[in-house]
Every structure is written in structure tokens, then in C-alpha cells.
Amino acid sequence: MIILTQTKYFLIQNMKSFSFQPISNNDANILILGTMPGTKSLEINQYYGHNQNNFWKFMFLILKEDFSTDYETRKALLQKNKIALWDILQYCDRVGSLDSAIKNEIANDFETFFKTTFQHKNHFL
């Protein structure tokens, strides 16, 4: 099935989604995990990219920084505060953005991530 919107075509049978690389420094001591970026985030290549998602507003608020819509500033905010951000899944088939629609998932390589990037003793997932 093909869905036609105003300017985009979506092939619905096998919507293959690939996650992003983690946002992290080697000195991170907090890891925030999502499942898989939603459709809008994948479209614009940004974690929590949908303008209705409050993740970034919340992060700026609790870290007591002025809010920014600039993605590089957002990533720097996490890194400055020793926060890593990644998704549990590397790949999945999914139509839309709901976690309940995920099929054929493949997890990210957390063993390598913890050995090479997130090198602290305590990990809370």
C-alpha cells in the first residue's frame, strides 16, 4: 500500500527504521534510553525532533539553561552535563511512531558501547 500526502510518498508494507549514533562523551555518567526515534525525528535526523515532544524543553529546564532549538546546542547541553542519549534498538520495521508497532527489532550493541564509550562502574538502565 502507498499513502500519498501533500508532498511525500510512504511505502507502508516495510517501513524500515535505523536508529542514530549515540550522543555521548567518554565521561558520561548518566544514560538516557529511548526505544527508537519516531518518524519526524528520523525525517530530520534528530533525537526527539518532533516539535510537540517536550524532551529538549525539559532537559534545558532541569539543567537550568536557556532553551535552544539548535540541535548542536542541544547535543552540547547533554555532553556538558555528562549525559549520554541513545536508543535500545538499532533497527526495526515500524509503520508510524508507536512502539507497539515495532516488528523485527535488532538491539544496539550495548556491550561495545559500555566498553568503549560509557566506561563507568555504575550503569542504570
Side-chain angles (χ1 to χ4, degrees):
M1 171 192 335
I2 297 178
I3 294 177
L4 172 63
T5 63
Q6 289 179 346
T7 58
K8 298 180 182 177
Y9 299 89
F10 296 97
L11 181 60
I12 293 303
Q13 288 185 1
N14 288 315
M15 183 70 82
K16 299 189 182 309
S17 298
F18 294 88
S19 183
F20 307 132
Q21 292 297 311
I23 297 172
S24 181
N25 285 339
N26 288 342
D27 64 347
N29 55 29
I30 297 170
L31 174 58
I32 298 173
L33 289 171
T35 306
M36 173 62 81
T39 305
K40 183 64 174 178
S41 294
L42 292 168
E43 182 182 307
I44 64 173
N45 200 32
Q46 295 182 11
Y47 279 105
Y48 302 101
H50 195 291
N51 62 5
Q52 291 180 345
N53 190 304
N54 288 315
F55 174 82
W56 292 111
K57 291 176 187 172
F58 180 72
M59 293 308 297
F60 277 88
L61 178 67
I62 65 169
L63 297 170
K64 298 180 168 75
E65 297 279 348
D66 292 332
F67 179 71
S68 175
T69 59
D70 178 70
Y71 192 59
E72 294 304 314
T73 301
R74 291 173 169 188
K75 293 190 308 185
L77 173 77
L78 298 181
Q79 293 170 328
K80 172 183 153 188
N81 288 280
K82 299 182 180 184
I83 300 170
L85 177 63
W86 205 19
D87 285 308
I88 292 171
L89 298 181
Q90 172 188 19
Y91 166 86
C92 71
D93 292 334
R94 177 173 65 184
V95 175
S97 295
L98 295 176
D99 286 357
S100 61
I102 290 173
K103 296 179 180 162
N104 304 317
E105 63 271 10
I106 297 173
N108 269 313
D109 182 3
F110 284 96
E111 183 176 346
T112 301
F113 179 71
F114 287 138
K115 286 180 183 175
T116 61
T117 305
F118 201 82
Q119 302 173 2
H120 293 276
K121 297 178 209 167
N122 299 317
H123 307 287
F124 301 97
L125 304 176

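All figures in this text were calculated on a predicted structure; none of them were measured in a lab. FYI, the numbering just counts along the sequence from 1.
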Distance check, rounded to the nearest 0.5 Å: [X] atom [atom1] versus [Y] atom [atom2]?
| X | Y | atom1 | atom2 | result |
| --- | --- | --- | --- | --- |
| L78 | L63 | CG | CG | 7.5 Å |
| I88 | L33 | CD1 | CG | 5.0 Å |
| K103 | C92 | NZ | SG | 11.0 Å |
| I23 | I83 | CD1 | CD1 | 10.5 Å |
| I62 | N81 | CD1 | CG | 8.5 Å |

Problem - Identified side chain to side chain contact (heavy atoms under 4.5 Å, CB included) partner of P37 from the options I44, N45, D87 - result: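 When side chain to side chain contact (heavy atoms under 4.5 Å, CB included) is applied between P37 and each of I44, N45, D87, only D87 qualifies.
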Exercise for the section: Would you kindly confirm whether Y91 and L42 end up in one hydrophobic cluster when ILVMFWY residues are joined by side chain heavy atoms under 4.5 Å apart? Expected result: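 Each belongs to a different hydrophobic cluster.
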Handout entry: Linked, directly or transitively: I32 and L61 (ILVMFWY side chains, under 4.5 Å)
Key =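 Different clusters.
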Are the side chains of [Y] and [X] in contact, using a 4.5 Å heavy-atom criterion?
| X | Y | result |
| --- | --- | --- |
| D109 | Q90 | no |
| N108 | F113 | no |
| S19 | L89 | no |
| R74 | T69 | yes |
| F60 | S68 | yes |

Exercise for the section: Hey, could you give me each pair passing salt bridge (charged side-chain N to carboxylate O under 4.0 Å, His left out) that has a residue in residues 63-72? Not counting sequence neighbours. Expected result: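 Residue pairs with at least one partner in residues 63-72: E65-K80, E72-K75.
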Exercise for the section: Indicate the atoms forming the closest heavy-atom contact of L31 with L85, along with that distance. Expected result: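 Residues L31 and L85, closest heavy atoms: CD1-N, 4.4 Å.
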Below 3.5 Å, can you tabulate the donor-acceptor pairs from side chains in residues 46-58 to any protein atom, sequence neighbours excluded?
from	atom 1	to	atom 2	distance (Å)
Y47	OH	F20	O	3.4
Y47	OH	Q21	O	3.1
H50	ND1	Q52	N	3.0
N53	OD1	F55	N	2.8
W56	NE1	Y47	O	2.9

Problem - Geometric class of the F114/F110 ring pair [parallel <30°, tilted 30-60°, perpendicular >60°] - result: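 Ring orientation, 0 to 90° scale: tilted.
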